[in-house]
**Q** 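Right, I'll just put the structure down here and ask away after.
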Amino acid sequence: MGFAMANSLGSCVSFRNSNIVTRNLQSFNERNGHFKLVKLKKPRGGVQISCQSKLIDFDERTSPNEVRKEIERCYELIRRLGRGVIYLGSSRMGPDHPHYVQALELGREIANLLDCTSWSGAGPGLMDAATKGALQAGKPVGGFKISKEAGQWTATNFHPYLPSETYLTCRFFSARKHGLVDAAMRNRSSDRTAVVALPGGLGTLDEIFEILALIQLERIGSELPVPFLLMNYDGFYSKLLNFLGDCESWGTVAEGEVASLWEVCNNNKDALTYLAEFYNLHFNNEAEQENEITTAQGRVAG
């Protein structure tokens, strides 16, 4: 095991490390605001410093501009397809998983209820289920695909069946998140949007808590609230909810604060009923449908 010691030598840095052979570092020059590339080499014994200076101007870096351009392309796609419901969920739960079937049904019923575009990460798993459900309803869909999913279903950046004009393959996660958030924003009271969090893993949790924090800080829905639904199929998120309850006990979140930011739904009926009430829409649940059928049969018999 080696031990390292660092010392500043002007715009260079020296390291004493028995295991280091070569290291590249960047040292900041406060006078001109440039970075200097420093190459350190260690001989067999003792310390040797080799500084090969190369000035890197911030103006030459292209990644910030590329991110900005990609965000603009996300916004343009939303402008063309329209805002709507965004679905967050696992890329690993395939058609043989019961949550896939539930997500497909939910995607179809919400698309019919809200009559809006359905958005997702355009990936496999539950994102695919919600997309197919909306297509079954004959409603528009859009997506922000990332070039690599945890359960990636293709070696290319192309979606297996969506037309290329309905999705964007993002290089940057930040641009993808901008797109997903903006797709759920409401600019007018007539806009019907929502965030639906299906069961998922690390990526889904990352998106859930980022959007939850934006709602908490009133960066989303400050004027026109956006409903956030947590789909707790088969108690999938119950332990997470217990943990958030513990956070209240520890004082890291205010009592009732998290519960006020979203609606926990145990099944699709809960979600559809909540959205119908939120947007003052009529939703025929199974009990109402049975009553209507019975009433109609009675009228025919009479």
Side-chain angles (χ1 to χ4, degrees), residues 67-91 100 103-154 156-188 190-198 200 203-204 206-208 210-211 214 220-221 224 226-229 231 271 275 279:
V67 173
R68 177 180 58 81
K69 291 177 183 177
E70 192 164 276
I71 292 173
E72 290 175 351
R73 289 195 290 271
C74 290
Y75 289 168
E76 173 59 23
L77 183 63
I78 295 167
R79 187 193 66 79
R80 286 195 291 107
L81 298 181
R83 290 180 168 87
V85 179
I86 65 169
Y87 292 91
L88 316 173
S90 172
S91 62
Y100 183 98
L104 188 147
E105 294 174 349
L106 184 65
R108 181 179 64 243
E109 295 304 318
I110 289 181
N112 281 323
L113 178 67
L114 300 187
D115 191 23
C116 64
T117 304
S118 296
W119 292 90
S120 74
L126 300 190
M127 292 178 284
D128 176 56
T131 297
K132 286 183 176 177
L135 290 175
Q136 287 180 4
K139 305 300 180 181
V141 299
F144 300 104
K145 190 181 184 304
I146 198 68
S147 56
K148 179 72 172 82
E149 290 284 355
Q152 189 169 348
W153 55 5
T154 174
T156 72
N157 290 332
F158 299 101
H159 194 279
Y161 58 83
L162 287 179
S164 59
E165 65 272 14
T166 63
Y167 70 94
L168 180 68
T169 299
C170 299
R171 293 173 54 202
F172 305 101
F173 269 100
S174 55
R176 185 197 200 197
K177 288 183 176 181
H178 271 280
L180 288 172
V181 169
D182 188 71
M185 298 289 285
R186 298 176 63 205
N187 288 336
R188 301 177 299 273
S190 59
D191 289 339
R192 298 171 185 170
T193 71
V195 178
V196 178
L198 300 161
T204 302
D206 171 46
E207 294 162 346
I208 285 175
E210 180 165 347
I211 294 176
L214 291 173
I220 296 177
L224 295 170
V226 176
F228 190 144
L229 281 62
M231 301 307 300
L275 288 174
Y279 286 112

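Note that this is a predicted model, so its numbers are computed, not measured. We number each residue from 1, following the sequence as shown.
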**Q** What distance separates I110 CD1 from C116 SG, expressed to the nearest 0.5 Å?
**A**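 Nearest 0.5 Å value for the CD1-SG distance: 8.5 Å.
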**Q** Sub-3.5 Å donor-acceptor pair from the side chain of Y167 to the main-chain atoms of H159, do we have one?
**A**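 Such a contact is found between Y167 side chain and H159 backbone.
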**Q** Under the 3.5 angstrom rule, does the side chain of Y279 hit a backbone N or O of T193 as a donor-acceptor pair?
**A**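 Between the backbone of T193 and the side chain of Y279 there is a qualifying donor-acceptor contact (under 3.5 Å).
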**Q** When rounded to the nearest 0.5 angstrom, what is the spacing between OH in Y75 and CG in L168?
**A**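 Answer rounded to 0.5 Å: 13.0 Å.
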**Q** Just verifying a value: how many Å separate I86 CD1 and S118 OG, rounded to the nearest 0.5 Å?
**A**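 Taking CD1 in I86 and OG in S118, the distance rounds to 11.5 Å.
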**Q** What's the shortest heavy-atom distance between L180 and S120, and which atoms?
**A**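 That closest heavy-atom pairing would be CD2-O, 3.9 Å.
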**Q** Where the side chain of R176 meets the backbone of K145, is there a donor-acceptor pair that is under 3.5 Å apart?
**A**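 A pair under 3.5 Å: no.
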**Q** For I78 and W119, run side chain to side chain contact (heavy atoms under 4.5 Å, CB included): C-alpha distance rounded to whole Å, both residues' side-chain angles, the deciding distance at 0.1 Å, then the answer.
**A** CA-CA 9 Å; I78 295 167; W119 292 90; 4.0 Å; yes
**Q** Is the shortest distance from a Lys or Arg side-chain nitrogen in R79 or E76 to a carboxylate oxygen in the other one below 4.0 Å?
**A**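 Yes.
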**Q** Using modelled atom types only, decide if a donor and an acceptor are shared between the side chain of S91 and the backbone of G123 within a distance under 3.5 Å.
**A**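 The answer is no, because no donor-acceptor pair under 3.5 Å joins these two groups.
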**Q** Within the side chain of D191, is there an N or O that forms a donor-acceptor pair under 3.5 Å with the backbone of N187?
**A**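 Looks like yes, one N/O pair under 3.5 Å.
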**Q** Heavy atoms only: give me the nearest A271-L229 pair and the separation to one decimal.
**A**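 Closest pair (atom of A271, atom of L229, distance): CB-CD2, 3.4 Å.
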**Q** Please determine if R171 and E70 form a salt bridge, counting it only when a charged side-chain N lies under 4.0 Å from a carboxylate O.
**A**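 No.
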**Q** Carefully, step by step, assess R83 and M185 under the rule side chain to side chain contact (heavy atoms under 4.5 Å, CB included).
**A** CA-CA 7 Å; R83 290 180 168 87; M185 298 289 285; 3.8 Å; yes
**Q** Is any side-chain heavy atom of F173 less than 4.5 Å from a side-chain heavy atom of I146?
**A**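 Counting from C-beta outward, F173 and I146 do come under 4.5 Å.
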**Q** When rounded to the nearest 0.5 angstrom, what is the spacing between CZ in R186 and CZ in R192?
**A**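 So the gap between those two atoms works out to 10.0 Å.
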**Q** Kindly give the heavy-atom pair with the smallest separation between L135 and V141, and that separation in Å.
**A**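 Smallest heavy-atom distance, with atoms named: CD2-CG2, 3.8 Å.
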**Q** Testing T204, L106, I208 for side chain to side chain contact (heavy atoms under 4.5 Å, CB included) with L198, which one passes?
**A**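 For L198, the side chain to side chain contact (heavy atoms under 4.5 Å, CB included) test succeeds with only one of T204, L106, I208, which is L106.
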**Q** Please report the closest heavy-atom contact between E165 and L77, naming both atoms and the distance.
**A**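 Looking at all heavy atoms of both residues, the closest pair is O-CD1, 3.4 Å.
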**Q** Could you walk me through whether L126 and Y100 pass the side chain to side chain contact (heavy atoms under 4.5 Å, CB included) check?
**A** CA-CA 6 Å; L126 300 190; Y100 183 98; 4.2 Å; yes
**Q** Rounded to the nearest 0.5 Å, what's the gap from CZ on F144 to CZ on R73? Could you check?
**A**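 Atom-to-atom, F144:CZ and R73:CZ are 12.0 Å apart.
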**Q** Closest approach of P227 and L275, non-hydrogen atoms and distance?
**A**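 In terms of heavy atoms, the two residues are closest at CG-CD2, 3.9 Å.
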**Q** Going by side chain to side chain contact (heavy atoms under 4.5 Å, CB included), I211 matches just one of V181, V226, D206. Which one?
**A**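 Exactly one pass, corresponding to V181.
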**Q** I need the minimum non-hydrogen distance between C74 and A175, along with the two atoms involved.
**A**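 Between these two residues, the closest heavy atoms are SG-O, 3.6 Å.
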**Q** Mind running side chain to side chain contact (heavy atoms under 4.5 Å, CB included) on K139 and D115 for me, showing each step along the way?
**A** CA-CA 7 Å; K139 305 300 180 181; D115 191 23; 2.9 Å; yes
**Q** Calculate, to the nearest 0.5 Å, the distance between atoms CG and CD belonging to L88 and E207 respectively.
**A**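 L88 CG to E207 CD: 5.0 Å, rounded to 0.5 Å.
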